[in-house]
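Chain A is the first sequence line, chain B the second, and so forth, proteins listed ahead of strands; every chain is numbered from 1. Just so we're clear, the structure is a prediction, and the values are computed from it rather than from any experiment.
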2 protein chains.
Amino acid sequence: MVSTTQELKEAGLKATVPRMKILEILDQRRDDHMTAEDVYKVLLENNEDIGLATVYRVLTQFEQAGLVHRHHFEGGQSIFELAQGEHHDHMLCTVCGKVEEFVDEEIEKRQLAIAKKAGYRITDHSLYIYGVCPNCQKKGK
Amino acid sequence: MVSTTQELKEAGLKATVPRMKILEILDQRRDDHMTAEDVYKVLLENNEDIGLATVYRVLTQFEQAGLVHRHHFEGGQSIFELAQGEHHDHMLCTVCGKVEEFVDEEIEKRQLAIAKKAGYRITDHSLYIYGVCPNCQKKGK
DNA sequence: GGATGTAATGAGAAGCTTTTGCATTTGTAA
DNA sequence: TTACAAATGCAAAAGCTTCTCATTACATCC
Ligand SMILES: [Mn+2]
Ligand SMILES: [Mn+2]
Ligand SMILES: [Zn+2]
Ligand SMILES: [Zn+2]
């Protein structure tokens, strides 16, 4: 059994109540890609006494510890998701906001090749495809 | 000769002084990828009496008219560049901030295929590769 | 060229998201 | 349990961006 306490300790973080609650929320909603405000709202619903500043602080710490990934989708705010499973990229519906994940080995390879050719030591990359999902295409006539 | 006045009219925008000045700056610095603040600073240097609010308004209008592209690199602020020439993606040095452009037909194709397979009508995409440029690798030991 | 109506602008206030300062609380390791 | 550093809540502050509104500039028509 992998407790949140254990997970936090392994990440080199003290196992505090706010950190455990936030980690749980991210874990339960693993299909979502949430803003700090989203996480905060769930905490409020659960009657947790955790401040928004702490949510921001904890999410940033989680990011630095490699527990979560931060995205910058269109719109500006930071979006967080639990860093679990394989690396993947994202396709977003600009109408309903749905987020779909995908992996394409060929694209990954090409990216490495491009970086290598230019002499860059690659640290990260982000690929977002924006479009209208099948569902929203129907509704939109 | 393609005047800025003409360019603006073709885009359906009144040819005002602020719009012409901003378009000129983007055109002169076509290698750069500038924030609104960057553009504003150049205006100040040139002793133009143009407010920051106008810079934001104009850049947004240019974006809607298809004259500029807006990016969301790591860090949050909007980054603008003149929408000229072919579509391209970006590779950024996380140390010095250098921006390099590239095009990869294979990646473009794969993206279309991914969207098609999922039934999405693709509207846009953004691919950013982050890394350390050759120059910064040398300096960094 | 000059008048007219509308769209655009500058300045500052306001809005959002995110970060920071600080007094207080909590977790950890003796 | 105790002790101390680390973490937290709250409020204030700090970006970045948008909005409001009185004033100005542009385009059109004379
Ligand atoms: Mn994801
Ligand atoms: Mn570019
Ligand atoms: Zn949709
Ligand atoms: Zn560099």
Side-chain angles (χ1 to χ4, degrees), chain A residues 3-25 33-44 46-65 67-80 97, chain B residues 3-25 33-44 46-65 67-80 97:
Chain A
S3 65
T4 37
T5 303
Q6 209 175 325
E7 247 182 289
L8 287 169
K9 297 224 161 151
E10 280 166 15
L13 295 169
K14 238 201 254 191
T16 65
V17 171
R19 285 175 182 160
M20 289 193 285
K21 296 294 178 194
I22 292 171
L23 193 51
E24 270 169 32
I25 289 170
H33 296 74
M34 311 174 79
T35 64
E37 189 75 35
D38 291 337
V39 173
Y40 181 60
K41 277 185 197 145
V42 177
L43 289 169
L44 287 182
N46 297 0
N47 286 96
E48 302 292 348
D49 184 24
I50 295 174
L52 180 55
T54 298
V55 175
Y56 275 104
R57 274 187 295 235
V58 167
L59 287 172
T60 299
Q61 290 156 354
F62 283 4
E63 184 193 13
Q64 285 162 355
L67 290 177
V68 310
H69 291 142
R70 180 194 300 255
H71 297 288
H72 299 279
F73 296 156
E74 277 180 357
Q77 297 117 299
S78 290
I79 307 273
F80 301 87
Chain B
S3 65
T4 38
T5 304
Q6 209 174 325
E7 248 183 286
L8 287 169
K9 299 225 159 151
E10 280 167 14
L13 295 169
K14 235 202 252 189
T16 66
V17 171
R19 285 174 182 159
M20 290 193 286
K21 296 294 177 193
I22 292 171
L23 193 51
E24 272 168 30
I25 288 170
H33 296 75
M34 311 174 79
T35 64
E37 190 76 35
D38 290 337
V39 173
Y40 180 60
K41 276 186 200 144
V42 176
L43 289 168
L44 287 183
N46 297 1
N47 286 96
E48 302 291 348
D49 184 23
I50 296 173
L52 181 56
T54 298
V55 175
Y56 274 103
R57 273 187 299 238
V58 168
L59 287 173
T60 299
Q61 291 156 351
F62 283 4
E63 183 191 14
Q64 285 161 355
L67 290 177
V68 310
H69 291 141
R70 180 194 300 255
H71 297 288
H72 297 280
F73 295 156
E74 277 180 352
Q77 299 115 295
S78 290
I79 307 273
F80 301 87

In whole angstrom, what separates [X]'s [atom1] from [N]'s [atom2]?
X: A:Ile79; N: C:dT18; atom1: CD1; atom2: P; result: 9 Å
X: B:Leu52; N: C:dA14; atom1: CG; atom2: C1'; result: 14 Å
X: B:Gln64; N: D:dT18; atom1: CD; atom2: C1'; result: 13 Å
X: B:Ile50; N: C:dT9; atom1: CD1; atom2: P; result: 8 Å
X: B:Lys21; N: C:dG10; atom1: NZ; atom2: C1'; result: 17 Å
X: B:Glu63; N: D:dT18; atom1: CD; atom2: P; result: 10 Å
X: B:Glu74; N: C:dT18; atom1: CD; atom2: P; result: 15 Å
X: B:Leu44; N: C:dA11; atom1: CG; atom2: P; result: 10 Å

**Atom of B:Ala36, atom of B:Leu52 and distance for their closest heavy-atom approach** = O-CD1, 4.2 Å
[X] side, atom [atom1]; [Y] side, atom [atom2] - distance, nearest 0.5 Å:
X: B:Glu48; Y: B:Thr54; atom1: CD; atom2: OG1; value: 12.5 Å
X: B:Leu43; Y: B:Asp38; atom1: CG; atom2: CG; value: 11.0 Å
X: B:Thr16; Y: B:Ile22; atom1: OG1; atom2: CD1; value: 8.0 Å
X: B:Phe80; Y: B:His69; atom1: CZ; atom2: NE2; value: 12.0 Å
X: A:Leu67; Y: A:Glu10; atom1: CG; atom2: CD; value: 9.5 Å

**Request:** Taking only the side-chain heavy atoms of B:Arg57 (C-beta and beyond), determine which of D:dC19, C:dT17, C:dA8 contains the nearest atom.
**Result:** D:dC19
Answer yes or no: is there a side-chain heavy-atom contact under 4.5 Å between [X] and [Y]?
X: A:Arg19; Y: A:Gln61; value: yes
X: A:Lys21; Y: A:Ile50; value: yes
X: A:Phe62; Y: A:Leu13; value: yes

**Prompt:** Side-chain donor-acceptor pair under 3.5 Å between A:Arg70 and A:Thr60, yes or no?
**Reply:**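 Yes, a side-chain donor-acceptor pair sits under 3.5 Å.
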**Message:** Taking only side-chain N and O atoms of A:Ser78, does any of them lie within less than 4.0 angstrom of OP1 or OP2 on C:dT18?
**Reply:**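 For A:Ser78, the contact criterion (side-chain N or O under 4.0 Å from OP1 or OP2 of C:dT18) is met.
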**Prompt:** For D:dT17, does OP1 or OP2 lie under 4.0 Å from any side-chain N or O of B:Tyr56?
**Reply:**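 Result: yes.
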**Complete:** The answer to which of A:Asp49 and B:Gly76 contacts DNA chain D further toward the 5' end, by nearest nucleotide, is A:Asp49
**Request:** Could you identify which residues of residues 34-43 of chain B place a heavy atom less than 4.0 Å from some atom of DNA chain D, listed by residue number, or say none?
**Result:** none
Enumerate all atom pairs, one protein N or O and one N or O from nucleotides 26-30 of chain D, separated by less than 3.5 Å.
residue : atom : partner : partner atom : Å
D:dA27  : OP1  : B:Ala15 : N            : 3.1

**Message:** Between the opening five pairs and the closing five pairs of the helix from C:dG1-D:dC30 to C:dA30-D:dT1, how far apart are the helix axes, to 10°?
**Reply:**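 Both end axes considered, the difference amounts to 40°.
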**side-chain contact (heavy atoms from CB on, under 4.5 Å) evaluation trace for A:Ser78 with A:His72** = CA-CA 5 Å; A:Ser78 290; A:His72 299 279; 3.8 Å; yes
**Asked** Checking side-chain contact (heavy atoms from CB on, under 4.5 Å) against B:Met20, which of B:Val58, B:Leu8, B:Ile25 comes through?
**Response**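 Per the side-chain contact (heavy atoms from CB on, under 4.5 Å) rule, the option paired with B:Met20 is B:Leu8, out of B:Val58, B:Leu8, B:Ile25.
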